[in-house]
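Notes follow the structure.
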Number of protein chains: 2
Amino acid sequence: MNTQTRRQREYEQREKLFLDAARNIIRTDGISALTMDKIAEHTEYAKGTVYKHFTCKEDILCGLCLDSLGLMYDMFSHALTWQGNSREKIICIGVGYQLYTQRFPEEFDLLIAARTNNIREKASPERLERMDQVDTLVLNAIRAVIQLAIQSGDLTLPEHTQVDDLCLGLWAMSFGLLVLEGARDLINGLELSATNTLLLHQMSCLLDGYHWHPLSTEHDYLLTYQNTFRHLEALIPKD
Amino acid sequence: MNTQTRRQREYEQREKLFLDAARNIIRTDGISALTMDKIAEHTEYAKGTVYKHFTCKEDILCGLCLDSLGLMYDMFSHALTWQGNSREKIICIGVGYQLYTQRFPEEFDLLIAARTNNIREKASPERLERMDQVDTLVLNAIRAVIQLAIQSGDLTLPEHTQVDDLCLGLWAMSFGLLVLEGARDLINGLELSATNTLLLHQMSCLLDGYHWHPLSTEHDYLLTYQNTFRHLEALIPKD
DNA sequence: TGAAAATGTGACGAATCGTCACTCTATGAC
DNA sequence: GTCATAGAGTGACGATTCGTCACATTTTCA
């Protein structure tokens, strides 16, 4: 009987317990309401035990981000299996991103915060390292679609442009739009045609600019959007 | 002699004093090192006096953002006067944005934070209102260029697309790229052709996708980038 | 000149963080 | 079965910081 592995398993379960408690507190009362004492109280452990798992509060926030990124990655890899042309796969990933942020706005706020230095400089190096790893996984999902598009002849990258350039561009556009869309005060001051399909349209223009075929004039991507939306909606954890 | 206006002026000067102190603390020691006591100490006022001006710490952060946004607006309006075609003006705005974030990364972190709800829900309504106003000013600068492009025939918006859609798209792309570029750990894992001109290239593709003339195949926007860069660099406060 | 108004103060209570010396418990060698 | 030991768990504690408020000081102006 291997005590060591059981101990390890229990440790991981407890870590999950703490993170779940933190997530619940954040979902109901917002990030600023999260305290170490509350986590301890909710899990019926002492605060010291929480600190056996996390170096500080920011470390917990990063732990939550790690979970979110993981879920995102799951959704993205699922998107890769979407039957359709390469651009449709990209749209499917974008839709997954959008669904996630709309379903869990508080956690998206966390993901934003985790990109700023004042959180990262406090979190433990180990957890940051793990976040980078999941970042890479997510990036690889997008890279894979771009590679596929190049191989299938749908896309020819412009001179002096690499796969990762486009990769970051797509990510930036999605991230930026979803952040700004979350700022309601800002959005209300704008005359937008439709908030939901905004990401689709902007991505379409960007990819048209890259001459990624089939162009938006050659294919009904709005239909793709609607289909992938319905498809991925079912995957979002209800919780 | 109008005592009222003098008082008012002194009040505003003091507010500026507090904000400057806060900015200095943040620039040297980071956001997490900012405390109300330090601001009081640095300005040789008591903490209570600081609270006469700001309802809470987040209110100060928003106050700093307001200043940053103001500087950004100044730079953007300057960009509008750039002699060139409409796309060059947009690039000029983008370059201004990029220069600002590179010169003051800590304050850009603030601008990011100020877009998340957990800061906004604490700041005073008055300051949020003022932030919205400056947001609108900045937006209007971009809107103006788009309108100009439409009027001059450089741009015809696609069906079901409004000026603000493109406006938000441009902003999102720039914002997203600059945030992600600030996350060094992330960028280091990518194989990018060049970080500095990344924004230029992505914006070029987006605008090509919109058929905003002259297209990037018809005009050397890299030259525009370099020229506007040099031009705006001189405008950034040295401080 | 002095009362009223405006401005400024810093001690204080409350909240929260992160620590650490200690207790408790399960394990496995004997 | 016993008992030494590792590691899991504790929660009181000091430190930090926030935001407040009753009081002190200064300014204004009748």
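Proteins come first, then strands; the chains are lettered A, B, ... in the order of their sequence lines, and each starts at number 1.
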**Study point:** Position toward the 5' end of DNA chain D (nearest nucleotide), B/Lys52 or B/Lys122
**Key:** B/Lys122
Exercise for review: Go through the N and O atoms of the side chain of B/Lys57 and the base of D/dG19, and report whether any donor-acceptor pair is under 3.5 Å.
Suggested key: no
Exercise for review: For the pair A/Tyr97 and A/Phe76, name the ring-plane relationship: parallel under 30°, tilted 30 to 60°, perpendicular over 60°.
Suggested key: perpendicular
Check your understanding: Which part of the nucleic acid does A/Tyr11 contact within heavy-atom distance under 4.0 Å: base, sugar-phosphate only, or nothing?
Key -> nothing
Review point. Less than 4.0 Å between a side-chain N and a carboxylate O, is that true for A/Arg27 and A/Glu107?
Key: yes
Exercise for review: Specify the separation, in whole Å, of atom CG of A/Asp59 and atom P of C/dG18.
Suggested key: 10 Å
**Study point:** Atom-to-atom span, CD of B/Glu41 to C1' of D/dT16 - whole angstrom
**Key:** 14 Å
Exercise for review: Indicate, with a heavy-atom threshold strictly under 4.0 Å, whether A/Thr49 touches base, sugar-phosphate, or nothing.
Suggested key: base
Check your understanding: Can you check whether A/Phe108 and A/Phe104 have ring centres sitting under 6.0 Å from each other?
Key -> no
Study note, to complete from the structure: note: B/Lys47, atom NZ; C/dT9, atom P; distance rounded to Å ~ 13 Å
Point to revise | Whole angstrom value for the distance that separates P of C/dT9 from CG of B/Asp37 | key: 13 Å
Check your understanding: How are the rings of A/His53 and A/Tyr11 set relative to one another: parallel (under 30°), tilted (30 to 60°) or perpendicular (over 60°)?
Key -> parallel
Practice item. Let me know the distance between OH of B/Tyr51 and P of C/dC12, rounded to the nearest Å. Key: 18 Å
Revision key, fill the gap. Of B/Val50 and A/Thr55, the one whose nearest nucleotide on DNA chain C sits closer to the 5' end is B/Val50
Check your understanding: If only side-chain N and O atoms of B/Arg7 are considered, is one of them under 4.0 Å from the OP1 or OP2 phosphate oxygen of C/dT7?
Key -> yes
Study note, to complete from the structure: Whole-Å distance, A/Leu34 CG to C/dG18 C1', equals 15 Å
Point to revise | Lys/Arg N to Asp/Glu carboxylate O, A/Lys122 vs A/Asp59, below 4.0 Å | key: no
Check your understanding: To the nearest angstrom, how far is B/Glu44 atom CD from C/dT9 atom C1'?
Key -> 14 Å
Revision key, fill the gap. Ranking D/dG19, C/dC17, D/dT10 by distance to the side chain of B/Met36, first place goes to D/dG19
**Study point:** Length of the line joining B/Glu10:CD and D/dT26:C1', which is rounded to integer Å
**Key:** 12 Å
Check your understanding: Would you say C/dG8 has OP1 or OP2 under 4.0 Å from some side-chain N or O of B/Arg14?
Key -> yes
